[in-house]
2 protein chains.
Amino acid sequence: MTTPQLPRTTSRINVIKALAHPSRLTIVEALQSGEQCVCDLRNLVGTDLSTVSKHLAILRSAGLLSMEKRGLKVFYRLSCPCFLDFLNCVDRMSSSTSSSPSCSTAG
Amino acid sequence: MTTPQLPRTTSRINVIKALAHPSRLTIVEALQSGEQCVCDLRNLVGTDLSTVSKHLAILRSAGLLSMEKRGLKVFYRLSCPCFLDFLNCVDRMSSSTSSSPSCSTAG
DNA sequence: AGAATACTTGGCAAAATCGCCAAGTAAAGA
DNA sequence: TCTTTACTTGGCGATTTTGCCAAGTATTCT
């Protein structure tokens, strides 16, 4: 990384990189409908428990998830309700990829 | 990638991964204020011209940028005007990282 | 046509990321 | 206390990404 970025760019990258992995995005999408424990998320993404745990740590350190231990289980939830907005924005951009020459801001 | 993702997740990842690099995000941020040629973007990010060119190819293949050659120069611009919305969403999420326990959708 | 400018592409080494296994921690139950 | 369950962390090989150099392409100028 030779680019000297602005502070705002750096914090944006922190969030975007955390979401830039299929398993992690899948986790985040699943948590939109409510909290889940790690073993459920493990079944969802289908990789080793330790791998899931590390993905969760990355999302957590990016500030996107919060965790709570209840009994033996650890539950994760989105720490930010504006995720839906975010994904809508991504969808508008990705839809412009496939066919249409541009996308609208009006979603 | 052992995770079998939904099609929607896959296209989302395509966009998010394209933005998950400091130089590429810096480029995209700069293009918000209008088109620029590759050599200007090269000065902006400060890496080799070939490196910038490859970053631009990644952003282009993700459908985020469009290019137009005029004379010797190649001008790049955002192909989607909803970028500002996207970055605002990212900012709301990244702001929840640092101090406050959660962020608001009304941001 | 030959030279210069503005890029793009190929190739490769360095760096970062990913995913598994093994080992460690914490809470609950026998 | 010992075992089990649910997870986290360390470590390491395998894959992916990154960035430079060298070479190639396209357009303009002389």
Those residues at least two apart in sequence (or on a different chain) that pass side chain to side chain donor-acceptor pair (under 3.5 Å) with A:S66 are none
Given C:dC18, is OP1 or OP2 found less than 4.0 Å from the side-chain N or O atoms of A:R24?
-> yes
Nearest-nucleotide pick for B:V38, side chain only, options being C:dT8, C:dG19, C:dA16 = C:dT8
Only counting residues at least two apart or in another chain, list the ones meeting side chain to side chain donor-acceptor pair (under 3.5 Å) with A:E29.
-> B:T9, B:R12
Residues forming a side chain to side chain donor-acceptor pair (under 3.5 Å) with B:E68, sequence neighbours excluded | B:R70, B:R77
Rounded to whole angstrom units, what separation is found between the CG atom of A:L56 and the C1' atom of D:dA6?
-> 13 Å
Pairwise distance SG(A:C39) to NZ(A:K73) - rounded to 0.5 angstrom = 4.5 Å
Distances under 3.5 Å between nitrogen or oxygen atoms of protein and nucleotides 21-24 of chain C:
from	atom 1	to	atom 2	distance (Å)
C:dC21	N4	A:S50	OG	2.8

Roughly how far, to the nearest 0.5 Å, is the CD1 atom of A:I16 from the CG atom of B:L19?
-> 5.5 Å
Can you list, by residue number, the residues of residues 65-73 of chain A that have a non-hydrogen atom closer than 4.0 angstrom to DNA chain C?
-> A:K69, A:G71, A:L72
All side chain to side chain donor-acceptor pair (under 3.5 Å) counterparts of A:R60, not counting sequence neighbours | A:Y76
B:L25 CG - D:dT17 P separation (whole Å) = 18 Å
Look at A:H21 and D:dT16 and indicate whether a side-chain polar atom (N or O) is within less than 4.0 Å of OP1 or OP2.
-> no
A:Q36 CD to D:dC7 C1', in whole Å, measures 16 Å
Listed partners of B:L72 passing side-chain contact (heavy atoms from CB on, under 4.5 Å), at least two apart = none
Determine the contact category for B:Y76: base if any of its heavy atoms lies under 4.0 Å from a base atom, sugar-phosphate if only primed atoms, P, OP1 or OP2 are that close, otherwise nothing.
-> sugar-phosphate
Rounded distance in Å - CD1 (A:I27) to C1' (C:dG19) = 13 Å
Taking only the side-chain nitrogens and oxygens of A:H55, find out if one of them lies under 4.0 Å from OP1 or OP2 of C:dG19.
-> yes
B:L59 atom CG is separated from C:dC7 atom P, nearest whole Å, by 16 Å
Rounded to the nearest Å, what distance is computed from the CG atom of residue A:L49 to the C1' atom of nucleotide C:dC20?
-> 12 Å
Look only at the side chain of B:R42 and the backbone of B:S53, and say whether a donor-acceptor pair between them is shorter than 3.5 Å.
-> no
Rounded to the nearest angstrom, tell me the gap between atom CD1 in B:I58 and atom P in C:dT9.
-> 12 Å
Can you check the A:R42 CZ to D:dA6 P distance for me, whole Å?
-> 11 Å
Taking side-chain contact (heavy atoms from CB on, under 4.5 Å) as the test, write out the residues that go with A:T51, two or more places apart.
-> A:T47, A:D48, A:H55
